[in-house]
Asker: 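First, the structure itself, so that you have it in front of you.
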Amino acid sequence: MSLRLPLLCATAVLALLAACTPGTGGGGGGDGKSFEFWSFSAINQKLTVDAYQAKHPDIQIKLTEVGTSTETAQSLTTALAGGKVPDLVLIQGDNLPQFVEQPQNFVDLRTLGADDIKGDYLDWVWKQSVAKGGEVLGVPTDVGGMAVAYRTDLFAAAGLPTDREAVSALWPTWEAFIETGKRYKQATGKAFTDNAATSVFYQAVNQVSEKYYSADRKLVYSTNPQVKAAFDLGIKAATSGITAGQSSFESAWSAGMGQGAYAAVSAPSWMLNSIRTTAPDTKGKWDIARIPGGSGNWGGSYLAIPKGAKNPQAAWNYIKEMQSPAGQLEHFARVGALPSTPSVYQDPKLADSKDPFFSDAPTGKIYTDALLGLKPFYIGPDSAAIGQEFLDAITNVEQGGGNPATAWDDAVRNIKTAIGE
């Protein structure tokens with residue numbers, strides 16, 4: 001789920017591939033009873049693989065956690081060019097558009113039965129994996145949903161309400177979220193939220209009706225007023241003194257979470273497991289409130305089968321079973337990943353689920369409600385690169401190196417260089 005775009009040199013990518021490319025590590029042999037699966041790390045994909053193999057002991061799965069989601073996408077790009085590919089690969093949603101532009105590199109899942117199951121998934125999520133010619137490249141595994149995780153003990157110390165409904169009422173908008181942060185800072189002298197880039201800008205820009213591309217797939221990132229408004233919110237948060245300046249998932253961010261260095265963090269459903277594992281001693285001190293604006297999504301991935309896979313049918317059998325509504329509901333119970341299959345949203349296993357780590361917050365209802373008002377928009381092949389430059393510009397201001405007055409122009413200039421526009 002990483003938002004960072006590590007700059008891997010070509011030799012590093014090739015070295016990584018040498019360690020996990022089929023043919024160099026005993027991958028599937030075209031027997032229909034085994035397949036090689038590339039995933040990104042830090043999401044414990046092994047749990048799902050183990051669950052499948054327990055039901056199908058005759059199937060052998062070689063799981064390779066390549067690295068971050070971006071590293072996995074980079075490695076897949078190199079593998080596709082070299083012709084040695086896994087049978088199955090997990091692609092993070094932000095990285096998917098670059099592959100949707102090249103459908104010839106993947107098995108069109110319609111040939112394996114995708115049309116029979118597409119009605120099981122949120123329509124706007126499914127459409128993100130469909131190419132111009134109608135080819136279906138991936139099946140969605142989950143969605144993020146959005147909320148704000150907050151520390152009730154720290155809120156109480158600042159004289160703020162702690163009840164989740166009262167807290168949600170504090171910030172119907174992002175402007176109100178920033179003002180709440182100022183109240184917290186004035187009362188405690190401490191940072192309110194972790195950072196401005198991912199906890200404010202990234203959420204606000206994903207609540208728009210049109211983002212970096214128009215509906216007809218033209219670049220509009222520099223002229224879209226919705227993007228500029230979200231960026232301005234990020235800069236306002238970065239210069240308001242309410243953030244800890246700790247970039248998401250980095251070591252200081254992880255340490256700060258356990259130490260109470262910030263009191264609130266924008267948290268998609270998958271983030272809850274990260275909070276549990278990063279700050280286990282804070283159990284019972286967290287609760288979950290609605291995201292400003294009421295709806296949003298951060299994250300979600302897709303399973304795809306590269307063209308040239310030795311065991312495409314075995315890989316498809318895995319997709320069809322583990323990403324069915326029942327399979328996604330089981331996965332939610334295991335790790336809290338929010339299903340992309342809305343038919344299970346009313347199932348008591350999800351709808352009535354409460355999380356004791358987060359003060360028995362009704363996580364299933366909170367996160368599914370956050371998806372209901374979401375407006376889908378087109379995500380293009382350069383969306384991830386564009387978003388990263390905006391994130392970097394806000395972080396640069398937040399950490400003292402950037403000029404807020406020129407940050408937008410700086411970001412746009414860097415984007416043009418990054419995408420070769």
Side-chain angles (χ1 to χ4, degrees), residues 146-207 229-248 252-268 271-272 275 278-279 282-296 298 357-362 366 369-370 391 394-395 397-400 402 404-405 407:
M146 278 306 306
V148 176
Y150 65 96
R151 286 279 296 269
T152 55
D153 57 334
L154 300 181
F155 269 45
L160 294 173
T162 59
D163 172 78
R164 69 181 66 98
E165 288 299 324
V167 171
S168 298
L170 289 174
W171 51 60
T173 65
W174 284 106
E175 289 85 355
F177 181 83
I178 294 171
E179 290 305 311
T180 302
K182 291 178 179 179
R183 288 176 57 189
Y184 180 89
K185 179 67 177 289
Q186 184 175 14
T188 66
K190 298 179 180 179
F192 173 65
T193 193
D194 54 344
N195 65 74
T198 56
S199 272
V200 179
F201 165 73
Y202 190 77
Q203 311 314 322
V205 82
N206 280 321
Q207 293 173 323
F231 186 85
D232 288 346
L233 284 168
I235 293 297
K236 184 176 182 180
T239 57
S240 66
I242 69 168
T243 75
Q246 296 176 354
S247 296
S248 300
W253 178 86
S254 298
M257 182 177 291
Q259 297 164 358
Y262 47 88
V265 57
S266 287
M271 179 81 80
L272 302 189
I275 295 173
T278 300
T282 61
K283 180 179 180 179
K285 297 180 179 179
W286 294 88
D287 207 327
I288 303 172
R290 287 189 295 274
I291 194 78
S295 62
W298 176 3
F357 193 97
F358 295 90
S359 303
D360 286 329
I366 288 171
D369 283 354
L391 289 163
I394 292 168
T395 299
V397 169
E398 182 179 54
Q399 297 182 357

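What you are looking at is a predicted structure, and each value in this text was computed from that prediction instead of being measured.
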Asker: List the atom of Ala196, the atom of Gly234, and the distance in Å for their closest heavy-atom pair.
Answerer: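 Scanning both residues completely, I find the closest heavy atoms to be CB-O, 3.4 Å.
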Asker: Less than 4.5 Å apart, any side-chain heavy atom of Tyr150 and any of Leu160?
Answerer: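 No, their side chains stay 4.5 Å or more apart.
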Asker: Is there a side-chain contact between Ile366 and Arg290 (heavy atoms, below 4.5 Å)?
Answerer: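 Side-chain contact under 4.5 Å: no.
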Asker: With sequence neighbours excluded, tell me which residues meet salt bridge (Lys or Arg N to Asp or Glu O under 4.0 Å) with Asp360.
Answerer: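 Partners of Asp360 by the salt bridge (Lys or Arg N to Asp or Glu O under 4.0 Å) criterion come out as none, since no residue qualifies.
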Asker: Find the distance between CZ (Phe201) and OG1 (Thr395) and round it off to the nearest 0.5 Å.
Answerer: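 Separation between the atoms: 10.5 Å.
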Asker: Which atom pair, heavy atoms only, marks the closest approach of Ala149 to Ile275?
Answerer: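 Scanning both residues completely, I find the closest heavy atoms to be CB-CD1, 3.9 Å.
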Asker: Knowing that exactly one of Pro292, Ser199, Pro172 qualifies, which makes a side-chain contact (heavy atoms from CB on, under 4.5 Å) with Phe177?
Answerer: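 Among the candidates, only Pro292 passes.
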Asker: Is there a donor-acceptor pair under 3.5 Å between the side chain of Thr152 and the backbone N or O of Lys285?
Answerer: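 Indeed, once roles are kept as given, a pair shorter than 3.5 Å links the two residues.
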Asker: Is Gln246 reaching over with its side chain to a backbone N or O of Asn195, donor-acceptor style, under 3.5 angstrom?
Answerer: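 Between the backbone of Asn195 and the side chain of Gln246 there is no qualifying donor-acceptor contact (under 3.5 Å).
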Asker: Please walk me through it: do Arg164 and Phe358 pass side chain to side chain contact (heavy atoms under 4.5 Å, CB included)?
Answerer: CA-CA 11 Å; Arg164 69 181 66 98; Phe358 295 90; over 6 Å; no
Asker: What is the minimum heavy-atom distance between Leu170 and Thr180, and which atoms define it?
Answerer: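 Closest approach of Leu170 to Thr180: O-OG1, 3.6 Å.
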Asker: Please walk me through it: do Thr239 and Val397 pass side chain to side chain contact (heavy atoms under 4.5 Å, CB included)?
Answerer: CA-CA 7 Å; Thr239 57; Val397 169; 3.8 Å; yes
Asker: Which is it for Val200 and Ile394 under the side chain to side chain contact (heavy atoms under 4.5 Å, CB included) test, yes or no, and what are the steps along the way?
Answerer: CA-CA 10 Å; Val200 179; Ile394 292 168; over 6 Å; no
Asker: Please find the pair of heavy atoms, one from Ile235 and one from Ala407, that lie closest to each other, and give the distance.
Answerer: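 Shortest heavy-atom contact: CD1-CB, 3.9 Å.
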Asker: Going by side-chain contact (heavy atoms from CB on, under 4.5 Å), Ile242 matches just one of Lys182, Glu179, Arg183, Lys236. Which one?
Answerer: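 Of the listed residues Lys182, Glu179, Arg183, Lys236, the side-chain contact (heavy atoms from CB on, under 4.5 Å) partner of Ile242 is Lys182.
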Asker: Can you name the nearest heavy-atom pair linking Leu233 to Trp174, along with the distance?
Answerer: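 In terms of heavy atoms, the two residues are closest at CD1-CB, 3.7 Å.
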Asker: Is there a side-chain contact between Phe231 and Val205 (heavy atoms, below 4.5 Å)?
Answerer: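 Result no, sub-4.5 Å side-chain heavy-atom pair not found.
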Asker: Can you check whether Ile178's main-chain N or O pairs, donor with acceptor, with Trp171's side chain at less than 3.5 Å?
Answerer: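 It does not hold such a pair.
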Asker: I need the Arg151 CZ to Thr282 OG1 distance, nearest 0.5 Å.
Answerer: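 Between Arg151 CZ and Thr282 OG1, I get 5.5 Å after rounding to 0.5 Å.
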Asker: Would a 4.5 Å heavy-atom cut-off, applied to side chains only, mark Leu391 and Tyr202 as touching?
Answerer: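 SC-SC contact between Leu391 and Tyr202 confirmed.
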Asker: Rounded to the nearest 0.5 Å, what separation is found between the CD1 atom of Ile291 and the CG atom of Asn206?
Answerer: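 It is 10.5 Å, given to the nearest 0.5 Å.
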Asker: Any sub-3.5 Å donor-acceptor pair from Ser359's side-chain atoms to Trp286's backbone N or O?
Answerer: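 Such a contact is found between Ser359 side chain and Trp286 backbone.
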Asker: Ignoring hydrogens and angles, tell me if any N or O in the side chain of Thr243 forms a donor-acceptor pair with the backbone of Thr193 under 3.5 Å.
Answerer: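 Such a contact is absent between Thr243 side chain and Thr193 backbone.
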Asker: Which atom pairs, one a donor and one an acceptor, fall under 3.5 Å between side chains of residues 184-192 and the rest of the protein, sequence neighbours left out?
Answerer:
residue, atom, partner, partner atom, Å
Lys185, NZ, Gly241, O, 2.7
Thr188, OG1, Tyr184, O, 2.8
Thr188, OG1, Lys190, N, 3.0

Asker: Quick one: pull up CE in Met271 and CE in Met146 and give me the separation to the nearest 0.5 Å.
Answerer: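 Rounded to the nearest 0.5 Å, the CE-CE separation comes out at 7.5 Å.
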Asker: Between Gln203 (side chain only) and Thr198 (backbone N and O only), is there a donor and an acceptor less than 3.5 Å apart?
Answerer: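 Checking the backbone N and O of Thr198 against the side chain of Gln203, a donor-acceptor pair under 3.5 Å is found.
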Asker: Atom OG1 of Thr173 and atom CD of Glu175: how far apart are they, to the nearest 0.5 Å?
Answerer: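 One gets 4.5 Å once the value is rounded to the nearest 0.5 Å.
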Asker: Apply side chain to side chain contact (heavy atoms under 4.5 Å, CB included) to residues Ser247 and Gln399 and explain how you reach the verdict.
Answerer: CA-CA 10 Å; Ser247 296; Gln399 297 182 357; 3.7 Å; yes
